[in-house]
Amino acid sequence: VQLVESGGGLVQAGGSLRLSCAASGILFSVNPMNWFRQAPGNQREFVARITAGGSTKYADSVKGRFTISRDNAKKTVYLQMNSLKPEDTAVYYCNALTDFWGQGTQVTVSS
């Protein structure tokens, strides 16, 4: 299984970014996909989840600002992040099948 994130960067507060995670080595269309994040000095925390059927779940801290989606044809999961805040600064990780993680992509939100 390989998960490759992209789309991170530096953005001002209030701005937007879209993260992508391209998956290979799994039956992508039948598996739920997750986004987590880890800020310096903090534990890795759940951000968002999308099931094979398209149902979504979000952490309270991002609800209403972030949107997770998937394109099964491209084997890619996305995280659209709007109204970004400095506290969203973290390394964002894609996760599948509990044990598989991408390398992470850095998101930095300046105030």
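Because the structure is a prediction, the values reported are computed rather than measured.
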Student: So which atom in Ser83 and which in Asp88 form the shortest heavy-atom distance, rounded to 0.1 Å?
Tutor: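 Between these two residues, the closest heavy atoms are O-OD2, 4.4 Å.
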Student: Between Phe46 and Phe36, does the ring-ring contact (aromatic ring centres under 6.0 Å, His included) criterion hold? Intermediate values first, please.
Tutor: CA-CA 4 Å; Phe46 169 78; Phe36 284 74; 5.8 Å; yes
Student: Decide side chain to side chain contact (heavy atoms under 4.5 Å, CB included) for Ile50 and Ser55; before the verdict, give the C-alpha distance in whole Å, the side-chain angles of both, and the deciding distance to 0.1 Å.
Tutor: CA-CA 6 Å; Ile50 186 166; Ser55 297; over 6 Å; no
Student: Nearest 0.5 Å please: distance from the CD atom of Gln12 over to the OG1 atom of Thr108.
Tutor: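 Output value for this atom pair is 13.0 Å.
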Student: Can you list the steps and then say if Thr105 with Val91 is a side chain to side chain contact (heavy atoms under 4.5 Å, CB included)?
Tutor: CA-CA 5 Å; Thr105 186; Val91 178; 6.0 Å; no
Student: What heavy-atom pair brings Cys21 and Leu3 nearest, and what distance separates the two atoms?
Tutor: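 Where Cys21 meets Leu3 most closely, the heavy atoms are SG-CB, 3.9 Å.
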Student: Side chain to side chain contact (heavy atoms under 4.5 Å, CB included) between Glu5 and Tyr93: does it pass, once the steps are laid out?
Tutor: CA-CA 7 Å; Glu5 300 100 334; Tyr93 296 92; 4.0 Å; yes
Student: How close do Ser20 and Trp35 get, heavy atom to heavy atom, and via which atoms?
Tutor: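 Closest approach of Ser20 to Trp35, heavy atoms only: O-CH2, 3.7 Å.
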Student: A side-chain contact here means heavy atoms from C-beta on lying under 4.5 Å apart; do Leu79 and Thr67 qualify?
Tutor: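 No. Closest side-chain heavy atoms not under 4.5 Å.
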Student: How many angstroms lie between CD in Gln38 and CD in Gln106, if you round to the nearest 0.5 Å?
Tutor: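 Here the interatomic distance stands at 11.0 Å.
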Student: Taking the side chain as C-beta and beyond, is there a heavy-atom pair between Val77 and Ser69 under 4.5 Å?
Tutor: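 No, every pair of side-chain atoms sits at 4.5 Å or beyond.
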Student: Between Leu97 and Phe28, is there a shared hydrophobic cluster once you connect ILVMFWY residues whose side-chain heavy atoms come closer than 4.5 Å?
Tutor: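 Yes; Phe28 is reachable from Leu97 via cluster members.
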Student: Determine, stepwise, if the pair Ser16 / Asn82 fulfils side chain to side chain donor-acceptor pair (under 3.5 Å).
Tutor: CA-CA 4 Å; Ser16 299; Asn82 298 329; 2.9 Å; yes
Student: Between Trp101 and Arg44, is the side chain to side chain contact (heavy atoms under 4.5 Å, CB included) condition met? List the steps.
Tutor: CA-CA 12 Å; Trp101 300 87; Arg44 193 169 295 188; 3.1 Å; yes
Student: List the atom of Leu27, the atom of Asn31, and the distance in Å for their closest heavy-atom pair.
Tutor: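 So the two residues come closest at O-ND2, 2.8 Å.
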Student: List the steps and the verdict of side chain to side chain donor-acceptor pair (under 3.5 Å) for Asn34 and Arg49.
Tutor: CA-CA 4 Å; Asn34 306 297; Arg49 174 182 176 91; 3.2 Å; yes
Student: Which heavy atom of Arg37 sits nearest to which heavy atom of Ser61, and what is that distance?
Tutor: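 In terms of heavy atoms, the two residues are closest at NH2-OG, 3.4 Å.
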Student: Which value, rounded to the nearest 0.5 Å, describes the distance between Thr76 atom OG1 and Met33 atom CE?
Tutor: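 So the OG1 of Thr76 and the CE of Met33 are separated by 9.0 Å.
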Student: I'd like to know if Asp60 pairs up with Lys63 as an ion pair, taking the criterion as any Lys NZ or Arg NE/NH1/NH2 lying under 4.0 Å from an Asp or Glu carboxylate oxygen.
Tutor: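 Salt bridge: yes.
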Student: Out of curiosity, Met81 CE to Phe66 CZ, how far, rounded to the nearest 0.5 Å?
Tutor: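 CZ of Phe66 is found 5.0 Å from CE of Met81.
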Student: Please give me the minimum heavy-atom distance between Ile68 and Tyr58, naming the atom from each residue.
Tutor: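 The answer is N-OH, 2.9 Å.
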Student: Does the Asp71 side chain pair with the main chain of Lys74, one donor and one acceptor, at a distance under 3.5 Å?
Tutor: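 Side chain of Asp71 to backbone of Lys74, a donor-acceptor pair under 3.5 Å: yes, one is there.
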Student: Say you draw a straight line from OH of Tyr78 to CZ of Arg70; how long is it, rounded to the nearest 0.5 Å?
Tutor: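 Here the interatomic distance stands at 11.5 Å.
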